[in-house]
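Here is how names work: the chains are called A, B, and so on, in the same order as the sequence lines, proteins then strands, and each is numbered from 1.
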Amino acid sequence: MIEIRNLTKIYDSRNVLDDISVVIKNGEIFTIMGPSGIGKSTFIKSIVRLITPESGKIIIDGDDILKTNKEFEIQKIRKRFGYLFQEGALFDSLNVWENVSFGLKYLTDIAQSDYIRIAKEKLQLVGLKDIEYKKVNELSGGMKKRVALARAIAHNPKYILYDEPTTGLDPISSEIIINLIKEMSEKLNITSIVVTHDVKLALTISTRIGMLFNGRFLDINTPEGIKESKIKEVKEFIETSFIEDVTVQSDKRK
Amino acid sequence: MYIINKIGKSVIDISIHLGRTFIMIKNLFFWLFNSKLEKKEVFKQTVRIGVDSLGVATLTSLFTGMVLALQSGYTSKNLFNEPLYVGTVVGFSLVKELAPVLTAIVVAGRAGSSVTAEIGSMAVTEQIDALYTLGTNPSTYLLIPRYLAFMIALPVLTLFSNIVGILGGYIVSSIKLSIPSTVYFDDILQYMEVKNFMHGFIKTFFFAFMIATVSCYKGLYTEGGAEGVGKSTTNSVVLSMVLILAIDYFVSAFLVLIGIT
């Protein structure tokens, strides 16, 4: 369970996160939804202490990651997480299997001789085959995201953080990623925190959605609850997204 | 008022850069003694920095040795009617000053820039953050191997430059000035002491540490996508070159003070 209490992060005198509190239960897919630049990525980066907030508590299974400044102790808590970055953040100098198995050396005691086998297994889990020896720059955007997901789950984390998992992907690749997020949650019982401005994604995969706006959660609810929200900003955001979606689809038909 | 604001902003900016650099070096030493050394990476980076810079460093020192022999030979010929102490001038100039400084400048331009570009690209594509989430950190995986690589490669390249430069001087001395090889090399060996060699050699470690610091720092704090990577790379090379010359003076003065002349 992840418990966030009174989290505040300030950038240039602006409260990007303003006294935020939320509890994310084990096994759920919790989505943080909101417009771009609103602090969604800051929120998940704070959870693994890639960013240090000004105040608040982030308690992960009883351990507050903000309590210590010792890198070794932070690292112990980070081990429980897998992180899918917006652009994948794969290492260009390594090939696919080296990327997937990269964290095993630091996060596990698994023998080096097993790395390739584990990399193959995880790649298969995300629907990729026979690409172990390919270089990262030979992959398409969707494949990169899937390899990055394989890397994020390689050490069998308890939680996965997804930062804009479908941004920049074509509809087919987006669909694959959406299904994979659901599969990861169902098959591996991983707790997922997804950050997105994609309303369709949020409504499709989430157990609960938190609508982030001006540094605060305006509403935390089930997808159905969010759809029927009476809060002006939430309604506007969802309606605008649907109008954009319909416009794009009708433009495509023309 | 505008000028005061400008000065104030510059002072704050410099303080921020110095503070961050200090923290980076502090973390570097912490992880050097508290994490497993990435030997494969150290080897890879040493070869890369050495090989990247070898060709240019060779040409630079070869022609520097040649031009030194030419200039000193003809100057002494004009003054004394014969080329005197050409080997001494070439040897001392190269070993104490020119080979360490020019090799450092070549390494800063060739390898320093590529290190900044590589780490900078990683910074703008969140690969540095990815290192943390995968159980390591940039100090262990990126900085320590590159620092060690610079500290190994630059002294070795400087030694090589010394030899090539002296050989370049020998080629001109024998062909253009008709100085016998025994005279040329005797002029060097007769007057050159170990401390003269050490004067130049010790400086290479300071240069290597500085190039590694500038190139890694500029890479780590790159912002603003591809354009930012370009800016960081240029800044890294310019700053390294200026600092090489500044450090050269201060370290030389210190070495003279403690008797390593």
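For Leu90(A), the part sitting under 4.5 Å from any heavy atom of chain B is the backbone (N, CA, C, O) and nothing else. The contact between Leu131(B) and chain A is made by backbone and side chain atoms together, counting heavy-atom distances below 4.5 Å.
In this structure, Phe43(A) CZ and Leu17(A) CG are separated by 7.5 Å, a value rounded to the nearest 0.5 Å. Taking CG of Leu94(B) as the start and CG of Leu102(B) as the end, the distance is 8.5 Å to the nearest 0.5 Å. In this structure, the separation between CD1 on Ile29(A) and CD1 on Ile24(A) is 12.5 Å, given to the nearest 0.5 Å. Rounding to the nearest 0.5 Å gives a distance of 9.5 Å between CZ of Phe102(A) and CG of Leu107(A). Between the OG1 atom in Thr234(B) and the CG atom in Leu239(B) there is a gap of 12.0 Å [rounded to 0.5 Å]. Between Ile2(A) atom CD1 and Ile58(A) atom CD1 the span is 9.0 Å, to the nearest 0.5 Å.
Between Leu62(B) and Val164(B), the shortest heavy-atom distance links the atoms CB-CG1, 3.7 Å. When all heavy atoms are compared, the tightest approach of Val95(B) to Phe197(B) is CG1-CA, 3.4 Å. Among all heavy-atom pairs drawn from Val48(A) and Leu161(A), the shortest one is CG1-CD1, 3.8 Å.
Annotation: residues 198-220 of chain B contacts chain A through no residue [non-hydrogen atoms, separation under 4.5 Å].
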Check chain B against chain A and list any donor-acceptor pairs under 3.5 Å.
{"from": "Glu38(B)", "atom 1": "OE1", "to": "Lys105(A)", "atom 2": "NZ", "distance (Å)": "2.9"}
{"from": "Glu38(B)", "atom 1": "OE2", "to": "Tyr106(A)", "atom 2": "OH", "distance (Å)": "2.4"}
{"from": "Glu126(B)", "atom 1": "OE2", "to": "Lys45(A)", "atom 2": "NZ", "distance (Å)": "2.8"}
{"from": "Gln127(B)", "atom 1": "NE2", "to": "Leu90(A)", "atom 2": "O", "distance (Å)": "3.4"}
{"from": "Gln127(B)", "atom 1": "NE2", "to": "Asp92(A)", "atom 2": "OD2", "distance (Å)": "3.4"}
{"from": "Asp129(B)", "atom 1": "OD2", "to": "Lys45(A)", "atom 2": "NZ", "distance (Å)": "3.3"}

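Counting non-hydrogen atoms of neighbouring residues, nucleotides and ligands closer than 6.0 angstrom, the CD1 atom of Ile3(B) reaches no more than 12 such neighbours.
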